[in-house]
K.L.:
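After the structure tokens below, expect a handful of questions from me.
Being a predicted model, the structure only gives us computed values, none of them experimental. Hydrogens, waters and symmetry mates are skipped; everything else that's a heavy atom, side chains included, is used. By convention in this document, chain letters (A, B, ...) are assigned in the order of the sequence lines, proteins followed by strands, and residues within each chain are numbered from 1.
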Amino acid sequence: MENSHVRDAMHTPTETEGSAAAMGAKIQAQGTNVHYGDKHALKDVTLDIRAGEVTSFIGPSGCGKSTFLRCLNRMNDTIDGCRVSGTVMMDGEDIYDPKIDVVQLRARVGMVFQKPNPFPKSIYDNIAYGPRIHGLAANKDELDEMVVTSLEKAGLLAEVKDRMDSPGTGLSGGQQQRLCIARAIAINPEVILMDEPCSALDPIATAKIEELIDELRENYTIVIVTHSMQQAARVSQRTAFFHLGELIEVGDTEQIFTNPRHKLTQGYITGRFG
Amino acid sequence: MSELTVKSGQGGARTRELVAAGIGKRYRAERRFRIFGLVAIVSALVFMALLFASIIGKGYTAFVQTEIRLPISYDVAVIDPEGVRDAAEMRRANYGKLYRDGIQSLFPEVEGRTDRRLLNGLVSSGATFEIRDAVIDSPDLIGKKGEIWVPAADDVDMLVKGRIDRNEPENTRRVSDKEIAWVDALQKDGRLETRFNWRFFTQGDSREPELAGIWGAVAGSFLTMLVTLLLSFPLGVATAVYLEEFAPKNRWTDIIEVNINNLAAIPSIVFGLLGLAVFLQFFGLPRSAPLVGGLVLTLMTLPTIIIAARVSLKSVPPSIREAALGLGASKMQMVTNDVLPLAMPGILTGTIIGMGRALGETAPLLMIGMVAFIVDIPHGFTDPATALPVQIYIWADSAERAFVERTSAAIMVLLAFLIVMNAAAVILRSRFERRW
Ligand SMILES: Nc1ncnc2c1ncn2[C@@H]1O[C@H](COP(=O)(O)OP(=O)(O)O)[C@@H](O)[C@H]1O
Ligand SMILES: [Mg+2]
């Protein structure tokens, strides 16, 4: 019942989509649907992610934010029984085209997960992992430099530079998450996807990550899923609101939080449900 | 407000009462459970202690062997009548005569064929080889006189070790009063000693207990286990990795999974029959060969390794796979770089448990002829061989009293190997263990 109500609401155009390409869309999703077996988890989502901006996905839990995020680097391919339809274009290329190699795609679209997941290896080896599997460094010196610059960019270098050989799993939660970000940027991706990167962290560590996201925006297109509306307001320029597998509204963050067009969005950001 | 407090106060009192009423029962149940647990553990330990005491008590004497020092005159006429010093020729000489002359010279008073034969019987026929080897080693002995330690016959050995009761009436005793007198005389002269039984650790099987050794069986077991390990470890791990990481989850993989689990529960003798039908009769591989034994034990061990490997692959946290895939690792890179190293402790433990079971397995080896009486030490995968547990079975089945202690000693050797393997499992596990 509720579904049909939401579906009706969808017919009102949420945004002036035509202008998106002009604004420099990095990724364009067109009518993306995701099924987990029989479950229709993501319904007909059309959304542009703009280059050089932070886009945040908000919405009640189970609404499909992570599912959509995983469409963007085809991590859904790894889930048994998951089917994706529709098109997702990146720089004008369909990433679901059979000609596209997922390994190459994931080198261009990095990902940071909800729970920090460093490898049970040294800090150095964690960062060097991506460059090694893709063969990015010609020699040891080059690799060393990549590791150092990645840690530098992730704002972690000062804290770990004299224990590069100690295990990455021995760091604090916030440090581990920044290690994962450093690991992702070591292969110099164009887009970084972050799925609730701060949900397991304390407020101080969260503040550090948010600061980092703001710095990274200069060089990378960032998409972040968050359950915290304050965080979305703080770090993102654009915000998309999902509900029950549908994209309800997308717009400039300021507009979404001050002047939402849709009733559901309004209800969610004022805390009436969530 | 005050009413509310009073009410909740009453409710609290009621709860406390109910809890107090039931608490004794709860503690009694816990105490009962703890006592059951203790009883179970103590009885298990007692049975284990009894088992070890019985095996060690019966078997420790097999590690020494009674030997007799004989005066030998290395007669040219017997060893090398043509005087050519040809080793092959000298091997064929009648060394039996030399040791018999030796023991006769110690008891010149013994007359008559029967008694002389009895006297000769104190010395093991293995003395022949002892003297032969001494002569081949240093041919200058020829024409001289010397003393040499040779093994005593099994009955003498049993008598000296106290396994034959001197107080038993002579007609039911394995050794006669005469023989006892000779043995005592030898002992008094310092010509009879128990010495470390190196033959037990270096020789193959023999019909004579005093000459029988475990080494043939150890070598056979080693070759068999090597075949088993080399086949079942890579095959098992590859199967588990494929099923766990690559295969689609559908009806077919479910059927395969069920079948693998069933295979693990099949009695081992069935694998022996399968090996007989397939490897021996169809492929025509040699009987009694470690190669075939290893193949059969591989069939038996594979399910164990596959199941253990799948369980440990499953227990690798999915976040590690996500991390690798998210960085653009291919599935193969993910498996070899990240998943397998984390699963390795579990896989190795499973493998060693499987190998331990295979090492102790007898039934399937009986079916493919590894139960034959084999004297020579096997040197290759197709040489006829037997295995440790089969050797134990053969000796346990032998009539001679002296095989009893050898059976127990062989069991000790087998247990020692199993303990070493388990220790290896513990060490490997702690070496590979990493936190995530
Ligand atoms: N691997 C999966 N298998 C089946 N259903 C899934 C799977 N992952 C997510 N779902 C379902 O899809 C819906 C959207 O999930 P998700 O994208 O994780 O939501 P969220 O917005 O909280 O990130 C949920 O109803 C969830 O139950
Ligand atoms: Mg989520």
Side-chain angles (χ1 to χ4, degrees), chain A residues 37 66 69-70 72-81 101-122 125-136 150 167-170 176 179-189 192-195 200, chain B residues 239-258 309-349 428-436:
Chain A
S66 303
L69 192 74
R70 282 199 307 264
L72 305 182
N73 68 344
R74 291 183 58 177
M75 276 303 270
N76 282 333
D77 291 16
T78 62
I79 298 173
D80 269 322
D101 186 72
V102 260
V103 166
Q104 270 171 15
L105 173 71
R106 292 191 193 132
R108 292 171 64 195
V109 184
M111 189 159 194
V112 176
F113 297 84
Q114 185 164 358
K115 208 175 129 251
N117 57 355
F119 295 112
K121 301 179 188 220
S122 71
D125 287 338
N126 262 281
I127 310 293
Y129 188 93
R132 275 186 185 140
I133 58 171
H134 295 294
L136 300 183
S150 308
T169 41
Q176 285 190 18
L179 183 71
C180 292
I181 294 174
R183 185 175 68 183
I185 56 187
I187 45 178
N188 210 8
I192 302 175
L193 310 176
M194 301 186 180
D195 193 350
Chain B
T239 309
V241 165
Y242 177 75
L243 286 176
E244 208 50 54
E245 307 287 340
F246 292 96
K249 305 275 172 289
N250 58 24
R251 216 150 38 97
W252 292 110
T253 41
D254 282 350
I255 291 174
I256 291 174
E257 170 148 23
V258 168
R310 288 190 71 175
V311 168
S312 34
L313 286 171
K314 266 200 190 87
S315 72
V316 174
S319 64
I320 296 292
R321 292 168 226 259
E322 281 182 343
L325 292 177
L327 285 167
S330 67
K331 218 153 187 191
M332 200 63 219
Q333 282 173 323
M334 172 192 90
V335 169
T336 50
N337 289 351
D338 306 297
V339 178
L340 265 185
L342 290 176
M344 219 19 113
I347 295 178
L348 288 176
T349 311
L428 282 174
R429 195 163 43 205
S430 63
R431 179 157 301 177
F432 274 93
E433 199 106 86
R434 274 187 281 180
R435 305 220 139 274
W436 55 75

K.L.:
Compare all side-chain heavy atoms of A:N117 with those of B:P317 and state whether any distance is below 4.5 angstrom.
P.N.:
no

K.L.:
Could you tabulate the donor-acceptor pairs under 3.5 Å formed by side-chain atoms of residues 331-345 of chain B, not counting sequence neighbours?
P.N.:
unit_1	atom_1	unit_2	atom_2	d
B:K331	NZ	B:E245	O	3.0
B:Q333	OE1	B:S330	N	2.9
B:Q333	OE1	B:S330	OG	3.4
B:Q333	NE2	A:I133	O	3.4
B:T336	OG1	B:M332	O	2.9
B:D338	OD2	A:Y129	OH	2.3

K.L.:
Over all heavy atoms of both residues, which pair between A:D80 and B:K249 is shortest? Give the atoms and the distance, please.
P.N.:
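Looks like OD2-CG, 3.3 Å.
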
K.L.:
Given that the side chain runs from C-beta out, which part of A:R183 has a heavy atom under 4.5 Å from chain B: side chain, backbone, both or neither?
P.N.:
both

K.L.:
Minimum heavy-atom separation for B:E322 to A:M75, with atom names?
P.N.:
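In this case the closest contact between B:E322 and A:M75 is O-CE, 3.6 Å.
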
K.L.:
Select one option (side chain, backbone, both, neither) describing which atoms of A:V109 are under 4.5 Å from chain B's heavy atoms.
P.N.:
backbone

K.L.:
Applying side-chain contact (heavy atoms from CB on, under 4.5 Å), can you list everything that pairs with A:D125, at least two apart in sequence or on another chain?
P.N.:
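A:D125: side-chain contact (heavy atoms from CB on, under 4.5 Å) contacts with A:K121, A:S122, A:R132.
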
